Amino acid sequence: MNLFAEMRAVVIAALETMSTEGTLPKGLDLSNVTVEPPRDPAHGDMATNAAMVLAKPAGLKPRDIADKLSHALMAEPRIDLAEVAGPGFINMRLAASVWGMVAHDALKQGRDFGRAALGHGIKVNVEYVSANPTGPMHVGHTRGAVFGDALASLLDFAGYDVTREYYINDGGAQVDVLARSAYERYREANGLEPEIREGLYPGDYLIPVGAALKEKYGDSLIDKPESEWLADLRVFSTEKMMDLIRDDLALLGVEMDVFYSEKSLYGTGRIEAALKRLDDLGLVYRGTLEPPKGKLPDDWEEREQTLFKSTQFGDDQDRPVKKSDGSWTYFAPDIAYHWTKVERGFDQLIDVFGADHGGYVKRMKAAVSALSENRVSLDVKLIQLVKLFKNGEPFKMSKRAGTFVTLRDVVEQAGADVTRFHMLTRKNDAPLDFDFAKVLEQSKDNPVFYVQYAHARVCSVLRKSGEAGWDMSDARLAQADISHLHPAQLPLAKKIAEWPRLVEIAARANEPHRIAFFLYDLASELHTLWNRGNDDHSLRFIQDDNEAASASRIALARAATVVISAGLGILGVTPAEEMR
RNA sequence: GCACCCAUAGCUCAGCUGGAUAGAGCGCUGCCCUCCGAAGGCAGAGGCCGUAGGUUCGAAUCCUACUGGGUGCACCA
């Protein structure tokens, strides 16, 4: 039940009646008519811009439309008052009983309250993390993982058919480096001195891989030329790295539906097929690129290449798909990979990239537009850096100095819930500070704690009333009479009513951080109401010796925590029953 | 040189895909527990929404140009 959508329908119906009665011209475009909460609660519960939006196309004055529309709206039983204000807004005050009905609805539906039909089962593919399989995940990956996962959950909640996908970059030269690095650890496992040359991966995490290689191959690969072991070791060590990454993701509570291997595209004709498709569309040609303006790279030379005409789709430059030696560039398998997404029937694609890959967005969008002939849209969400702090001091990460902070480090220190919530308290394209001391702080300037505390407080009330022998189950609370809310309870009830609307807004924008901010506001309303109980005991949730009165108060509080719980669920955070 | 992202209170950031007098936390000032969890709440002070134009009934939000910061820029993924 989305109250705002329902009231918009009431407004639209009134407008259509006005059209048929001749008060308004027929055939007006009503799509810009909105019903939303006014900034100032004194203006009422909801406001519509209908009169202002329609004034020009209808050839009427906003006030005239507004006067008639407000009269028509007064016929709606859920509207107590509709009045014209300002330049032509219509402010609506809703019947008090409406808010109780929303809370009641939340109790009945539980965590499904707010689940939207926005997506209509549209198939969405969310690709995130996609970290190179060359080592454990670090903090930078963590934010992308949390974001992508929360976004996927959000879209699912909004009614989309979501697939969570990880693209394994196991086809490129970095995997050769991995295999060689693992080979040195293998020699080490056989009692030889490893030669971790410049450019190899020095990390300790490859030591167990070396040991596993010894177990599998004994000493049979020692002193053999690279050509005899490289291919095998590529496969072996990539698998080990993916095990590592899967474990890291599990620590965070991230579970993928699909792991798609880049390597699996090679040798199967898939890359060729994707490129042929572009070629058939007349989008591939042999040519040379203009040298970049400004300072030239030292080794610039003009050369003829196989190019994809991405400029036709808004890119700044056509992009090479083949290297001069005839092998594919990294872009070619990416094109093929996205082509598989189109072929697999997805209607919308979302890629979650690090902000340093921003330059890659246009060509990827161009490729998807071209391959799908504009049927499938690609939205790329760029994730800004995480700045680590320790005790307020910026913390520099350095592989050499051994101060490389992994996902595991973060989750083991801060916990998955805290990490996840905190990473969603910033918009994805804004840099994020992560201070180990601050995220663990238990005060209201830590949103994680603040929201959890609100939830825990209500749980505490439920426990207490249970000890009094009362049945305060959700089923029982859904029967409670909450039709006559106290004015002090209204702000909380109204916030609860906003939840379904917020889900749609957040899903439309692909912005899960909005959920986190909403939960903070909701928690704030709950804390406020709680404290009102200090001044006015009749507002306390537990009314001694009066089960019915308690139930009606607790019902509202519980409805709030149902929403908190649903919201935290989208963020992948467990609601706290109590704070320790 | 070009493209993309960002610019909002002293600090860190929201701002509902164009709405009314721009919000929150921190910090500062003053209040509120014999009483459901004060790990909270209330009140006050604090703003030319980077600058200049444009679009319109209406702009922090959309467009253009500047200024300042970040990222990226042919055969690396």
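Being a predicted model, the structure only gives us computed values, none of them experimental. Chain identifiers are assigned alphabetically (A, B, ...) following the order of the sequence lines, protein sequences preceding nucleic acid strands; residue numbering begins at 1 within each chain.
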Q) Is the distance from OP1 or OP2 of B:G41 to the nearest side-chain N or O of A:Lys444 less than 4.0 Å? A) yes

Q. Looking at A:Phe436 versus A:Phe434, is the centre-to-centre ring distance below 6.0 Å?
A. yes

Q) What interatomic distance, in whole Å, is found between C1' of B:A9 and the corresponding atom of B:A45? A) 11 Å

Q) Any chance CZ of A:Arg476 has more than 12 other-residue heavy atoms, nucleotides or ligands included, within less than 6.0 Å? A) yes

**Q.** Nearest-neighbour nucleotide for the A:Ala85 side chain, B:A74, B:A20, B:A77 considered
**A.** B:A20

Q.
Using a strict threshold of under 4.0 Å (side-chain N to carboxylate O), is an ion pair present between A:Arg93 and A:Glu83?
A. no

(Q) Taking only the C1' atom of each, what is the distance from B:U34 to B:G30 in whole angstrom? (A) 24 Å

Q. For B:G41, does either OP1 or OP2 sit under 4.0 Å from a side-chain N or O belonging to A:Tyr450?
A. yes

(Q) What's the gap between B:G41 and B:A52 when it is taken at their C1' atoms, as a whole Å value? (A) 45 Å

**Q.** Centroid-centroid under 6.0 Å between A:His527 and A:Tyr453 rings
**A.** yes

Q | Phosphate OP1/OP2 of B:G37: any A:Ser460 side-chain N/O under 4.0 Å | A | yes

Q.
Tell me every residue that passes side chain to side chain donor-acceptor pair (under 3.5 Å) with A:Ser473, counting only those two or more places apart in sequence or in another chain.
A. A:Asp471

Q. With respect to the side chain of A:Lys323, which nucleotide from B:G40, B:G19, B:C76 is positioned closest?
A. B:C76

Q | Carboxylate-amine/guanidinium contact A:Lys381 A:Asp351, below 4.0 Å | A | no

Q) Considering only the P atoms, how many Å lie between B:G69 and B:A60, rounded to the nearest integer? A) 26 Å

Q: Return the nearest nucleotide to the side chain of A:Asn534; candidates are B:C75, B:A38, B:C16.
A: B:A38

Q. Would you call A:Arg508 and A:Glu504 a salt bridge, using N to O less than 4.0 angstrom?
A. yes

Q. Which one, B:C36, B:A77, B:G19, comes nearest to the side chain of A:Met52?
A. B:G19

Q: Pick base, sugar-phosphate or nothing for A:Ala454, based on heavy-atom distances below 4.0 Å to the nucleic acid.
A: nothing

Q. OP1 or OP2 of B:C75 sitting under 4.0 Å from any side-chain N/O of A:Arg303?
A. no

Q.
Would you measure the distance from the C1' atom in B:A7 across to the matching atom in B:G68 and give it in whole Å?
A. 8 Å

Q) Ring stacking, A:Phe89 with base of B:A20, under 5.5 Å and under 30°? A) yes

Q. Taking only side-chain nitrogens and oxygens of A:Thr288, does any of them come within less than 4.0 Å of OP1 or OP2 of B:A74?
A. no

**Q.** Among A:Lys322, A:Arg286, A:Lys323, the one residue meeting side-chain hydrogen bond (donor to acceptor under 3.5 Å, both in side chains) with A:Thr306
**A.** A:Arg286

Q: Starting from C1' on B:G70, measure out to CZ on A:Phe353 and report it in whole angstrom.
A: 19 Å

Q.
Under 3.5 Å for both donor-acceptor distances, Watson-Crick or wobble: does B:A65 have a partner, and if so which one?
A. B:U51

Q) In the 5'-to-3' direction, what one-character label does each nucleotide of nucleotides 5-13 of chain B receive under the scheme B = base within less than 4.0 Å of a protein heavy atom, S = sugar-phosphate only, - = no such atom? A) SS-----SS

Q. Reckon A:Trp530 has a side-chain N or O less than 4.0 Å from the OP1 or OP2 of B:A38?
A. yes

(Q) I want to check one thing: is the phosphate of B:G40, taken as OP1 and OP2, less than 4.0 Å away from some side-chain N or O of A:Arg532? (A) no

Q | Test: A:Arg514 and A:Glu511 ion pair at under 4.0 Å | A | yes

Q.
Checking contacts here: which listed nucleotide (B:C75, B:U17, B:C26) is nearest the side-chain heavy atoms of A:Asp445?
A. B:C26

Q. Would one find a side-chain N or O of A:Lys464 under 4.0 angstrom from OP1 or OP2 of B:G37?
A. yes

**Q.** Selection from B:C36, B:G23, B:G72 that lies nearest to any side-chain heavy atom of A:Arg39
**A.** B:G23

Q. Can A:His43 be said to stack with the base of B:A20, given centres closer than 5.5 angstrom and planes under 30 degrees apart?
A. yes

**Q.** Between B:G58 and B:C4 - C1' atom distance, rounded Å
**A.** 30 Å

Q.
Mind checking if A:Lys362 touches a base, just sugar-phosphate, or nothing, with heavy atoms under 4.0 Å?
A. sugar-phosphate

Q.
Categorize A:Pro62 for me: base, sugar-phosphate, or nothing, with a 4.0 angstrom heavy-atom threshold over every strand shown.
A. nothing

(Q) Taking any heavy-atom pair under 4.0 Å as a contact, classify A:Ala355: base, sugar-phosphate, or nothing. (A) sugar-phosphate

Q. What's the closest nucleotide to the A:Tyr330 side chain, out of B:A77, B:G72, B:A20?
A. B:A77

